[in-house]
2 protein chains.
Amino acid sequence: MSWNLSSDRPIFAQIVEHIELDIASGKLPPGAKFPSVRELASEASVNPNTMQRALSELERKGLLRTDRTVGRFVTYDKREIERLRKEKASSSVSGFLMQMKKLGIDKDGVLELIKENYQKEET
Amino acid sequence: MSWNLSSDRPIFAQIVEHIELDIASGKLPPGAKFPSVRELASEASVNPNTMQRALSELERKGLLRTDRTVGRFVTYDKREIERLRKEKASSSVSGFLMQMKKLGIDKDGVLELIKENYQKEET
DNA sequence: ACCGCTGTATTAGGCAACTAATACAATAGC
DNA sequence: GCTATTGTATTAGTTGCCTAATACAGCGGT
């Protein structure tokens, strides 16, 4: 994983989000085993405790399972994962559109900008 | 203004963003006069110092002008305002699309979701 | 000239959150 | 049974933000 952490937001929150995305997108498939807390922490250049906090949060959300002295695994519950994916997509969309509305940009403007942006990437 | 402040991010930053949006969208037109620091602070239930910090930041960005003993005004520079609007729209779009990409949702999926969302609002 | 209003500066204190260091607990595997 | 490796708990320290109190400076209106 390429941890791209900035200091303008809580580290643990960024890690949570990062891993959530990897699970939601399927990059981390159901049942995938995680490295140990210490290993992950070292990899991300972060205190083990910080990593632990992130992982606990993910467990609280039901995305991770823990076998106490064995390690952690992505949940096998594919429905939960799909729910997560939908939820994240939906909130992204509505947040984005709300922002555009506040900027006074209507539906046509939004679609325009998006198509523009995709064309830029097709180079 | 309806200050809708949450505690999960610095207050002053939220205020900055709020006012930026009002300026970018034209809700606060060029040359519009601001209430005094103390008045705004009271209105937003915030310490004057916090409000001042936000306003200073906006001034640093060139969006506000100060007439020392008279008050503050939105800049008259319409080009600067338009630049702000473009900049905010652009960063919103690219951030949104990056998120969708990470979720594994392609162009068609994005357009689909957006149209869905707009239909929902047309009730 | 004075009073009231504007913005500005300074200092201090407290609170909450994040990070860190270290010690503890439990089990798998040899 | 011992050791290594896992997750967990506890305590401590640092930082950033917000608040507060107070003082200063300059202009307008009466």
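Each chain gets a letter, A, B and so on, in the order the sequences are listed, and its residues count up from 1. Remember, it's a predicted structure, so these values are computed and weren't measured experimentally.
Between B/Lys107 and A/Glu121, no side-chain nitrogen of the basic residue sits less than 4.0 Å from a carboxylate oxygen of the acidic one, so the salt-bridge criterion is not met. Looking at A/Glu116 and A/Lys120, no side-chain N of the basic residue comes within less than 4.0 Å of a carboxylate O on the acidic one, giving no salt bridge.
Of the candidate nucleotides C/dA20, D/dT19, D/dC17, D/dT19 has the atom nearest to the side chain of B/Val46.
At a cut-off of 3.5 Å, with distance as the only test, no side-chain donor of B/Thr75 or B/Glu80 sits close to an acceptor on the other residue.
At whole-Å resolution of the value, CZ in B/Phe12 and C1' in D/dG16 are 9 Å apart. Remark: P of C/dA17 and CZ of A/Arg53 are 8 Å apart, rounded to the nearest angstrom. Rounded to whole Å, atom P of C/dT8 lies 14 Å from atom CE of B/Met51. Distance, B/Phe73 CZ to C/dT6 C1': 10 Å, rounded to whole Å. One interatomic measurement links the two molecules: CZ of A/Phe34 to C1' of D/dG7, which rounds to 14 Å at whole-angstrom precision. One interatomic measurement links the two molecules: CG of B/Asn49 to P of D/dC24, which rounds to 17 Å at whole-angstrom precision. If you take CD of B/Glu39 and P of C/dG4, they are 17 Å apart, rounded to a whole angstrom. If you take CG of B/Asp8 and P of C/dC18, they are 10 Å apart, rounded to a whole angstrom.
Counting non-hydrogen atoms under 4.0 angstrom, A/Arg72 reaches the backbone sugars and phosphates but no base.
Across B/Gly31 and B/Phe73, no two heavy atoms sit closer than the pair O-CD2, 3.6 Å.
A sub-4.0 Å separation between OP1 or OP2 of D/dT5 and a side-chain N or O of A/Arg38 is absent. Contact check, B/Ser36 against C/dT6: a side-chain N or O comes under 4.0 Å of OP1 or OP2. Distances shorter than 4.0 Å separate none of the side-chain N or O atoms of A/Thr69 from OP1 or OP2 on D/dT5. For C/dT8, one of the phosphate oxygens OP1 or OP2 lies less than 4.0 angstrom from a side-chain nitrogen or oxygen of B/Gln52. Dashed line: the shortest gap from a side-chain N or O of A/Arg68 to OP1 or OP2 of D/dT8 is not under 4.0 Å.
If you take CZ on B/Phe96 and CD1 on B/Ile114, they are separated by 4.5 Å, rounding to the nearest 0.5 Å.
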